[in-house]
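Note that the structure is a prediction, hence the values are computed from the model and not measured. Throughout, residue positions are numbered sequentially from 1 according to the sequence presented. Counting starts at 1 for both ligands and their atoms, in listed order.
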Amino acid sequence: MKISVIGCGYLGAVHAASMAELGHEVVGIDVNPHRIDSLQRSIAPFHEPGFDALLLKNSSRLTFTTEMSAAADATVHFVAVGTPQSADGSADMTYVNSAIEGLLPCLSDGDLVVGKSTVPIGTAERLSEQVQPTGAVLMWNPEFLREGFAVEDTLSPDRLVYGVPAGDDGDSATAILDEVYSEIIAKGTPRLVMNFATAELVKVAANSFLATKISFINAMAEIADVTGANVTQLADAIGYDTRIGRRFLNAGIGFGGGCLPKDIRGFVARAEELGVGDALSFLKDVDDINGRRRTRVAEVLTEELGDLAGKTIAVWGISFKPDSDDIRDSPALDIAESLARAGATVVSADPEGWKPAQARIEQSGLSDSLTTTADHRAAAAGADALVVATEWKVFQGENAETIGELMSGNLVVDGRNCLDAESWKAAGFRYRGMGRA
Ligand code: UDX
């Protein structure tokens, strides 16, 4: 089947390559010529495990272009453009609207347009009306991929969600998308068919639930810090209850990235527009708890070191999560910047995130006090304190004694509760975790 994918960011580029892996002929379309140039040469424009190999393996079935007209040859068109956060917290629909407007002249009778972007509830209904006069049908098929596992999550998802229009169109659209995903469906992947509003809601509800779970355990970390309890043991103990589950109960400096923070704010903004803002007032608390995690590290450092002005601090981690170079709304980078603003000299290390962070640091005018490196040991050299802000495996496996010899001070603040506290203490460190007495 011939497929176009509009938008080649994390979501679209991985989706395009994955559809080629399923045997389809795919064209990826994006307005960014640098991204297209890189993808066309089978070079991933961002760090994502397994993605380079997937591009290369499927290069004979994959093309990338900036020309929307290339979509005219395809029968299925995935819309995977970004919906960033607007100044008022709502989702910015500029890219989705312009993708659909650009696509309309390329559509033919019987084509299928499949929305994958995370959008405010009500969007699919509106876009469906726009698409209908061309004879094409619109579906909504939200994506749940995690960065770092994007290829795996696309090719082996937990479930497929189809938002369909009412009536016969819904059946015909379902049949076409089943053909696209036949290999995934054949593996027994659950496939749920529902109306547009439900499909749109599934995505934001899932992200809100995950964000709530993280903020719940971080709220418990706040309690643990004043009571002498240990939040990791607490998470283990409640996580054994299968109704609760242990995953996404890791307390620390909280969630970031291009999805969770903006999606919960966009959801709140949409609920307010719909007159049901009260139903989601708890998500504001979820956001507030998450924000407080970012100031907690500076509080702990100040408790231990006093005034941070003139201190040298190594921060291990810049990306919002390991195995990613994504620094959007990264707690690690936010913390490094706030320590630099407090007068400390900060060296941030990250295997991947150090490069994209440089431009942002220059823009924020902090380049004199905040520098980045790929070498986490070099960052630790001469530091008064070490903060672990992203749980890369290479940091967790580090030898505490070696790091102790490199540093001037002996304080480690484990912002992700990911180190073996006992071995760091045995190496002479003062260990401070998040919510761990
Ligand atoms: C998320 C959703 O998981 C995914 O389904 C959706 O499609 C996009 O948004 P992603 O942004 O890749 O994916 O990151 P995720 O793995 O969910 O982590 C989000 C943030 O939460 C990270 O900053 C991570 O460090 C943090 N986190 C996660 C915690 O602080 N504690 C946890 O227990 C789990």
Side-chain angles (χ1 to χ4, degrees), residues 9-12 14-15 46-49 51 80 82-85 91 116-119 141-154 156-161 200 202-221 231-232 234-236 238-239 244-267 286-287 289-294 296-297 316-335 350 353 388-392 395-396 414-418 433-435:
Y10 279 92
L11 167 59
V14 174
H15 194 72
F46 45 80
H47 177 79
E48 183 61 44
F51 182 47
T83 50
Q85 186 180 317
K116 292 201 80 69
S117 309
T118 303
V119 292
N141 171 225
E143 182 60 54
F144 305 93
L145 66 81
R146 299 158 298 165
E147 290 181 23
F149 300 88
V151 174
E152 190 186 319
D153 285 350
T154 306
S156 304
D158 292 335
R159 74 301 209 185
L160 292 165
V161 171
E200 290 164 326
V202 169
K203 174 66 198 235
V204 282
N207 276 355
S208 299
F209 194 87
L210 294 172
T212 303
K213 209 170 171 190
I214 298 167
S215 277
F216 172 82
I217 201 67
N218 279 328
M220 296 305 110
V231 77
T232 305
L234 170 72
D236 290 342
I238 62 172
I244 296 173
R246 179 64 178 81
R247 295 177 74 189
F248 273 70
L249 280 184
N250 293 324
I253 56 175
F255 59 82
C259 290
L260 259 46
K262 78 154 176 78
D263 286 354
I264 62 170
R265 291 172 200 148
F267 193 16
V286 165
D287 205 5
I289 293 165
N290 196 51
R292 287 203 293 276
R293 303 316 295 165
R294 300 188 185 196
R296 181 66 191 145
V297 169
W316 283 359
I318 298 175
S319 307
F320 86 102
K321 67 189 271 189
D323 293 318
S324 169
D325 61 358
D326 195 343
I327 59 166
R328 286 176 294 172
D329 208 344
S330 167
L333 186 51
D334 244 19
I335 288 169
D350 193 289
V388 181
T390 312
E391 66 278 33
W392 285 89
F395 303 158
Q396 295 181 61
D414 186 359
R416 292 291 183 183
N417 288 343
C418 65
M434 301 280 105

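Note: no N/O pair closer than 3.5 Å links I214 and ligand 1 by distance alone. In terms of N/O distances under 3.5 Å, ligand 1 is not approached by L260. At least one N or O atom of F320, backbone or side chain, sits closer than 3.5 Å to an N or O atom of ligand 1. Residue-to-ligand polar distances place K203 within reach of ligand 1: an N/O pair is separated by less than 3.5 Å.
Residues A206 and R159 share a closest heavy-atom pair of CB-NH2, 4.2 Å. Residues I264 and N207 come closest through the heavy atom pair CG2-O, 4.4 Å. L249 and A235 get closest at one heavy-atom pair: O-CB, 3.5 Å. Minimum heavy-atom separation, A150 to L145: CB-CD1, 3.8 Å. The shortest non-hydrogen separation linking A251 to A221 is CB-CB, 4.1 Å. Summarising the geometry of G317 relative to A389, their closest heavy-atom pair is O-CB, 4.3 Å, with the distance given to 0.1 Å.
Taking 4.0 Å as the cut-off, R247 does not count as a neighbour of ligand 1 on heavy-atom distance. At least one heavy atom of G254 sits closer than 4.0 Å to an atom of ligand 1. Residue contact annotation: C259 has a non-hydrogen atom under 4.0 Å from ligand 1.
With hydrogens and angles ignored, the 3.5 Å screen pairs no side-chain donor or acceptor of Q85 with any backbone N or O of G266. For the pair K203 (side chain) and S117 (backbone), a donor-acceptor distance under 3.5 Å is absent.
In this structure, CD1 in I253 is found 10.0 Å from CG in D414, a value given to the nearest 0.5 Å.
Closest to atom 6 (C) of ligand 1 among all protein heavy atoms lies L145 O, 3.4 Å. Protein heavy atom in closest approach to atom 17 (O) of ligand 1: F248 CZ, 3.3 Å. When only non-hydrogen protein atoms are considered, atom 5 (O) of ligand 1 lies nearest to F144 O, 2.7 Å. For atom 12 (O) of ligand 1, the nearest non-hydrogen atom of the protein is E147 N, 2.7 Å. Of the protein's heavy atoms, R146 CA, 3.9 Å lies nearest to atom 13 (O) of ligand 1. Distance from atom 21 (O) of ligand 1 to its nearest protein heavy atom, with residue and atom name: F255 CB, 3.1 Å. For atom 2 (C) of ligand 1, the closest heavy atom belonging to the protein is N207 OD1, 3.6 Å. Here the heavy atom of the protein found nearest to atom 30 (O) of ligand 1 is R416 NH1, 3.2 Å.
Taking the six-membered ring where tryptophan is involved, the planes of F51 and F46 are essentially parallel, since the angle between them stays under 30° and well short of 60°.
Below 4.0 Å from some heavy atom of E143 lie the following atoms of ligand 1, by number and element: 7 (O). Interface of L249 with ligand 1, defined as ligand atoms under 4.0 Å from a residue heavy atom, comprises 33 (O). Within the listing of ligand 1, atoms 3 (O) sit less than 4.0 angstrom from a heavy atom of L210.
With F144 as reference, V202 is the one residue of D158, V202, D153, T154 to meet the side-chain contact (heavy atoms from CB on, under 4.5 Å) rule.
F248 and F209 have their aromatic ring centers separated by at least 6.0 angstrom.
Only the side chain of K321 comes within contact range of ligand 1, with a heavy atom under 4.0 Å; no backbone atom does.
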